[in-house]
Protein chains: 2
Amino acid sequence: MSNEPAAEPRWLSDEEQYAWQCYLHATTLLEDHLDRQLQRDAGMPHVYYGLLVQLSRAPRRRMRMTELAQNAKITRSRLSHAIARLEKNGWVVREDCPSDKRGQNAYLTDEGMRVLEKAAPGHVAAVRAAIFDRLSPEQIGHLAEICRAMADGLQPKGADLPWLR
Amino acid sequence: MSNEPAAEPRWLSDEEQYAWQCYLHATTLLEDHLDRQLQRDAGMPHVYYGLLVQLSRAPRRRMRMTELAQNAKITRSRLSHAIARLEKNGWVVREDCPSDKRGQNAYLTDEGMRVLEKAAPGHVAAVRAAIFDRLSPEQIGHLAEICRAMADGLQPKGADLPWLR
DNA sequence: CAGCCATTGTTAAACCTTCAAGAACTTACC
DNA sequence: GGTAAGTTCTTGAAGGTTTAACAATGGCTG
């Protein structure tokens, strides 16, 4: 199916092309906007912030690296670099996992927690201003539904990234 | 409004939180997926591909740097680096702009055009598989509407980036 | 036309991401 | 229990992005 030269590619209809255009614009602008907002107000990019959020919600503010990577939808390699940086900031520390000697836990430090709590209101405000204050409740429902369908189609099964690709 | 400590941040409702989660997952997974797809099949990241597409649609396959950056929603700096790389590949060349001595045009070469035409079918197929084959026509309409509303709120007015932020 | 401010595009440095490879450990199986 | 295969996490290098600063030019205002 992906080996044949694909005799006649099914191009996008006008509606589809328009939707795709809008999607690309919105997602690029939003991601850039949030990255800058967080870089300015909290000294880290959006993805890193997301990692702290995950950790803050985890049982004892700790989580196995792989699980964290899965939740955040990033590769283990990327996470490894990210945690290294967050560790330098003193916001996270690594600990050996008791039950599996290969494993590492990332632990959100008190200082990391403070940074997160300080950044959260501004971030939520930014997200709200960019999305939820601009959409009707029905649209929010539709968005969730649409994104869920998309994410479903992109989830697991792949080479080094059991979940990505 | 952004100066006051924000007495009581309006957190996200459960529905909003769910939608935001879905959105983040879908957009991260999709962007990663397309980046890999294009890197593998065309030797460039998704953004670079988008630049070639823009150029291919422009009048004489050329466009002013700033205009290209605006259309692609990226900074001039990022574009500058990107075009430098594409130029190394021989897919784009820079030309002085006749009417404004500060200006540069990016021109899509014949080779660049070939690369684009070769990559297009696979890319469209990937986009289709990830989105349009998974959504109903109504959902596609909703998506466009939602993204348009989001993009509208994020458009222009800013410091070094007259359009971004 | 002189002065001043805005715009255009680039650059260097710091940072982030990807990719491929590898070290350490676990599991399954004989 | 020993070996092969799989899992977990890290690393270094290559490449992409951001930020701030800059040179060159344009355009406005008096």
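Each chain gets a letter, A, B and so on, in the order its sequence line appears, and its residues count up from 1. Since the model is a prediction, treat every value here as computed from it, not as a measurement.
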Subject >> Main-chain N/O of A:Pro137 paired with B:Glu15 side-chain donor or acceptor, under 3.5 Å >> reply: no

Expected list for residues 41-51 of chain B near DNA chain C, using heavy atoms below 4.0 Å, is none

B:Glu31 CD to C:dT18 C1', in whole Å, measures 14 Å

Here the gap from A:Thr28 atom OG1 to B:Ile74 atom CD1, rounded to the nearest 0.5 Å, amounts to 9.5 Å

Close side-chain approach of A:His46 to A:His123, heavy-atom, < 4.5 Å:
yes

Rounded to whole Å, CD1 of A:Ile74 lies from C1' of C:dT18 at a distance of 12 Å

Next on the checklist: What I want to check is whether an N or O donor and acceptor connect the side chain of A:Ser77 with the base of C:dC19 at under 3.5 Å.
Outcome noted: yes

To the nearest angstrom, the CG-P distance between B:Asp100 and C:dT10 comes to 13 Å

Evaluate the criterion side chain to side chain contact (heavy atoms under 4.5 Å, CB included) for residue pair A:Arg64 and A:Asp100; output intermediate values, then yes/no. CA-CA 10 Å; A:Arg64 280 292 290 275; A:Asp100 186 337; 3.9 Å; yes

Ranking D:dC9, C:dT18, D:dT18 by distance to the side chain of A:Met65, first place goes to D:dC9

Is any side-chain N or O of B:Arg102 closer than 4.0 Å to OP1 or OP2 of C:dT7? no

Exercise. With the side chain counted from C-beta on, respond yes when A:Val93 and A:Glu87 share a heavy-atom pair under 4.5 Å apart, and no when they do not.
Key: yes

Q) Does one side chain, of A:Glu111 or A:Thr109, offer a donor that lies under 3.5 Å from an acceptor on the other? A) no

Angle separating the five-pair end axes of the helix from C:dC1-D:dG30 to C:dC30-D:dG1, nearest 10°, is 30°

Whole-Å distance, B:Leu79 CG to D:dG16 C1', equals 13 Å

d(B:Ile140 CD1, B:Leu135 CG) to nearest 0.5 Å is 5.5 Å

N or O in side chain of B:Arg76 less than 4.0 angstrom from C:dT7 OP1/OP2: no

Atom CG of B:Leu38 and atom P of C:dT18 are separated, to the nearest Å, by 14 Å

Atom CD of B:Gln104 and atom C1' of D:dA24 are separated, to the nearest Å, by 12 Å

A:Arg78 CZ to D:dA13 P, in whole Å, measures 22 Å

By nearest-nucleotide position on DNA chain D, the 5'-leaning member of A:Gln39 and A:Gly103 is A:Gly103

SB check A:Arg114 A:Glu117 (cutoff 4.0 Å)
no

Practice problem: Compare side-chain N and O positions of A:Arg85 against OP1 and OP2 of C:dC16 and report whether any pair is under 4.0 Å apart. | Solution: yes

Whole-Å distance, B:Asp96 CG to C:dT8 P, equals 16 Å

> If you take atom types as modelled and just measure distance, does the side chain of B:His81 reach the base of C:dG9 with a donor-acceptor pair under 3.5 Å?
Replying inline: no

Rounded to the nearest 0.5 angstrom, the CD-OG1 distance for B:Glu31 and A:Thr27 is 7.0 Å

### Query
Should A:Gln155 and B:Leu29 count as side-chain neighbours, where that means a heavy-atom distance under 4.5 Å?
yes

When you measure from the side-chain N and O atoms of A:Arg64 to the phosphate of D:dC9, is any distance below 4.0 Å, counting only OP1 and OP2?
yes

